[in-house]
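In what follows, a single structure is set out as structure tokens and then discussed.
Letters go in sequence order (proteins before strands), and every chain restarts at 1.
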There are 2 protein chains.
Amino acid sequence: MQIKKYTDYGLRTLIYLATLPKGRLATINEICAAYEIPRNHLNKVIHQLGKEGFIITRRGKNGGFQLAAEPAEIRLDHVIRRLEGDTPWVNCHSPVCVIEPACELKHILAAGKRVFYDYLASYTLHSLLHNRNELEQIFSTREL
Amino acid sequence: MQIKKYTDYGLRTLIYLATLPKGRLATINEICAAYEIPRNHLNKVIHQLGKEGFIITRRGKNGGFQLAAEPAEIRLDHVIRRLEGDTPWVNCHSPVCVIEPACELKHILAAGKRVFYDYLASYTLHSLLHNRNELEQIFSTREL
DNA sequence: ATTAAGATGCATTATTAAAGCATGTACTTA
DNA sequence: TAAGTACATGCTTTAATAATGCATCTTAAT
């Protein structure tokens with residue numbers, strides 16, 4: 001019961017982008033360096049962030065990516081749901097559970113999951129920028 | 001983002017026990033047979049269920065285990081929290097995250113986790129017995 | 001053309017859950 | 001009190017999946 005690094009990396013990327021001046025593109029290498037995370041994995045995360053419409057990517061020389069919307073418009077439940085994958089939190093098949101047709105558990109856990117994401121829906125990328133100055137400082141010192 | 005089979009097996013065990021006449025002991029072999037799950041893994045689950053006080057175990061010949069309380073007294077949040085382990089849903093260390101001191105994410109996810117378990121707190125083992133007759137029928141036909 | 005960026009697919013490694021195995025300990029009953 | 005049966009415990013092995021690595025393709029600017 002923990003979000004994947006994959007999802008974590010995606011959120012970190014969005015946080016990084018949100019601290020940049022509007023219109024400025026970041027690159028995968030830049031983010032890797034800032035967080036000291038492996039390029040290959042981040043590569044896939046960035047790709048999905050683009051596919052899902054959270055960022056706008058641009059290929060080719062001088063390419064990169066930027067937020068596709070204002071931080072306050074990017075909801076955490078959306079981001080996490082997409083990156084994490086939206087499968088049930090209990091697996092009643094594989095292997096098959098014999099009481100599955102009579103079992104209430106899946107419904108209760110599904111509702112619990114809904115409650116969790118409903119809560120996250122009250123937060124956006126903007127909510128993660130509370131300490132924006134401190135964040136910017138961390139990133140700037142890392143570029144030395 | 002999915003509960004472990006370990007936790008699942010624990011819940012299934014409690015459901016099974018709840019369908020038995022009061023005072024009747026079940027054995028690990030019995031539960032393995034009912035659900036067709038591996039004895040070795042279930043072994044550990046049962047042990048923890050006992051340690052946590054959800055069931056009362058008795059060793060030796062004619063031993064076995066039974067619920068330690070009424071189904072309505074056994075809360076799902078308690079069971080799942082214990083079996084699943086109660087670690088944060090995001091790992092900010094290992095590897096270290098450079099923005100950790102300035103990052104709000106962990107607090108938001110911790111609150112989301114709380115909301116999830118608070119929701120589960122409104123359900124008990126009794127809530128899982130809605131289709132008790134059907135459950136009993138499934139178990140009885142499996143014993144043939 | 002050349003270069004720099006993301007896109008894509010496949011292979012490998014690392015992590016952790018799941019399962020297996022062997023043996024210990026407690027308790028019942030003949 | 002000996003035998004048998006059930007849970008307890010620790011260690012090992014396997015399986016599943018996330019994470020990472022690598023090679024190459026595509027796109028766009030210069």
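Backbone-only engagement by A/H47 is indicated by non-hydrogen atom pairs under 4.0 Å involving sugar-phosphate atoms exclusively. Counting non-hydrogen atoms under 4.0 angstrom, A/N40 reaches a base of the nucleic acid. No contact: B/N29 has no heavy atom under 4.0 Å from any strand.
Separating the CD atom of B/Q48 from the C1' atom of D/dA8 is a distance of 14 Å, rounded to the nearest angstrom. Taking atom NZ of residue A/K44 and atom P of nucleotide C/dG6, one finds them 15 Å apart after rounding to whole Å. When the P atom of D/dA6 is taken as reference, atom CG of B/L42 falls 14 Å away, rounded to whole Å. When the P atom of D/dT20 is taken as reference, atom OH of A/Y6 falls 13 Å away, rounded to whole Å. One can place NE2 of A/H41 at 9 Å from P of D/dA18, the figure rounded to the nearest angstrom. In this structure, B/R59 atom CZ and C/dT28 atom P are separated by 12 Å, rounded to whole Å. Rounded to an integer number of Å, the gap from B/I46 CD1 to C/dA26 P is 20 Å. Rounded to an integer number of Å, the gap from CD1 of B/I28 to P of C/dA19 is 15 Å.
Along DNA chain D, the nucleotide nearest B/G63 and the nucleotide nearest A/R39 are compared for position; the residue whose nucleotide lies closer to the 5' end is B/G63. When each of A/G60 and A/K5 is assigned the nucleotide of DNA chain C with its nearest heavy atom, A/G60 is the one assigned upstream, toward the 5' end. Position along DNA chain C of the nearest nucleotide to B/N62 versus A/K61 favours A/K61 as the more 5'-ward residue.
Of the candidates D/dA8, D/dA6, C/dA7, D/dA6 carries the atom nearest the B/T27 side chain, counting heavy atoms from C-beta on. Checked against C/dT28, D/dC11, C/dG6, the side chain of B/R58 finds its nearest nucleotide in C/dT28. When distances are taken from the side chain of A/N43 to each of D/dC11, C/dA7, D/dA8, the shortest belongs to C/dA7. Of the candidates C/dA7, D/dC7, C/dA5, D/dC7 carries the atom nearest the B/F65 side chain, counting heavy atoms from C-beta on. For A/P38, taking side-chain heavy atoms from C-beta onward, the closest of the listed nucleotides C/dA17, D/dA8, D/dG21 is D/dG21.
Here CD1 of A/I15 is found 4.5 Å from SG of B/C103. Values are rounded to the nearest 0.5 Å. In this structure, the separation between CG on B/L11 and CG on B/L76 is 7.0 Å, given to the nearest 0.5 Å. Expressed to the nearest 0.5 Å, how far CD1 of B/I37 lies from CG of B/L42 amounts to 4.5 Å. Going from atom OG1 of B/T27 over to atom CZ of B/R39 covers 8.0 Å, rounded to the nearest 0.5 Å.
Not one side-chain nitrogen or oxygen of B/Y9 sits closer than 4.0 Å to the OP1 or OP2 atom of C/dA17. One finds a side-chain N or O of A/T57 lying less than 4.0 angstrom from the OP1 or OP2 phosphate oxygen of C/dA7.
A/K51 contributes no side-chain N or O that forms a donor-acceptor pair with the base of C/dG6 under 3.5 Å.
Dense packing is recorded around CZ of A/R81, with more than 12 heavy atoms of other residues, nucleotides or ligands lying under 6.0 Å away.
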Determine, step by step, whether A/Y117 and B/F116 satisfy the ring-ring contact (aromatic ring centres under 6.0 Å, His included) criterion, reporting the C-alpha distance in whole Å, the side-chain angles of both residues, the deciding distance to 0.1 Å, and the verdict. CA-CA 9 Å; A/Y117 278 120; B/F116 170 72; over 10 Å; no
